[in-house]
Amino acid sequence: MTAYSFGNRWVGVVALGTPPPPEPLHKMALRLRAKLLSRMVSLDKTVAVPVDTLVQSLARLRMRMTVSGQDARSQECLTLERSSAPAAARHCGPG
């Protein structure tokens with residue numbers, strides 16, 4: 001019996017090697033956060049913005065709401081900012 005499987009790879013040699021070390025959790029978190037912030041959020045049928053821009057805008061809006069005394073709106077913006085919930089982004093804003 002030959003040591004090849006269909007002539008392409010050594011049988012068992014790959015299985016005998018040590019597996020690569022797992023990705024460190026802090027690097028995994030950074031990678032996943034970057035992936036989250038790079039996706040696009042559709043605010044309207046014609047308007048789409050990156051999540052990163054949306055979160056920064058929510059932070060600025062939250063500060064303005066706090067200064068103007070609208071604590072309920074400020075808390076809504078904070079909740080959206082923390083969860084990065086794109087579907088609920090339409091509920092935060094003046095008015």
Partners passing side-chain contact (heavy atoms from CB on, under 4.5 Å) against Pro21 (at least two apart in sequence or in another chain):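 side-chain contact (heavy atoms from CB on, under 4.5 Å) list for Pro21, sorted by chain: empty.
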
Ala59: side-chain contact (heavy atoms from CB on, under 4.5 Å) partners, not counting sequence neighbours: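 With sequence neighbours excluded, Ala59 shows a side-chain contact (heavy atoms from CB on, under 4.5 Å) to Arg62, Glu81, given in chain and number order.
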
side-chain hydrogen bond (donor to acceptor under 3.5 Å, both in side chains) partners of Ser68, counting only residues at least two apart: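 side-chain hydrogen bond (donor to acceptor under 3.5 Å, both in side chains) check on Ser68 returns nothing, list empty.
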
By side-chain hydrogen bond (donor to acceptor under 3.5 Å, both in side chains) - contacts of Thr53 (at least two apart):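 Per chain and number, Thr53 pairs via side-chain hydrogen bond (donor to acceptor under 3.5 Å, both in side chains) with no residue.
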
Interatomic distance, Leu78 atom CG to Leu61 atom CG [nearest 0.5 angstrom]: 12.0 Å

Spatial distance of atom CE (Met65) from atom CD (Gln70) [nearest 0.5 Å]: 5.0 Å

For Arg31, salt bridge (charged side-chain N to carboxylate O under 4.0 Å, His left out) partners two or more places apart: Glu23

Side-chain heavy-atom pair Arg64, Arg60 within 4.5 angstrom cut-off: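 Heavy-atom side-chain distance check fails, nothing below 4.5 Å.
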
Same apolar cluster (I L V M F W Y, side chains within < 4.5 Å links), Val47/Leu54: yes

Hydrophobic cluster membership, Leu36 vs Met28, 4.5 Å side-chain cutoff: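 No, it is not one cluster - the side chains of Leu36 and Met28 are not joined through contacts under 4.5 Å.
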
Exam field: side chain Thr79 to backbone Gln75, donor-acceptor pair closer than 3.5 Å: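 Pair found, side chain donor or acceptor close to backbone of Gln75.
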
Over all atoms of both residues, closest heavy-atom pair of Cys77 and Leu58: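 Heavy atoms of Cys77 and Leu58 come nearest at CB-O, 4.0 Å.
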
Minimal non-hydrogen separation, Val51 against Val41, with atom names: CG2-CG2, 3.2 Å

Derivation of the side-chain contact (heavy atoms from CB on, under 4.5 Å) call for Thr66 and Met63: CA-CA 5 Å; Thr66 302; Met63 289 186 270; 5.7 Å; no

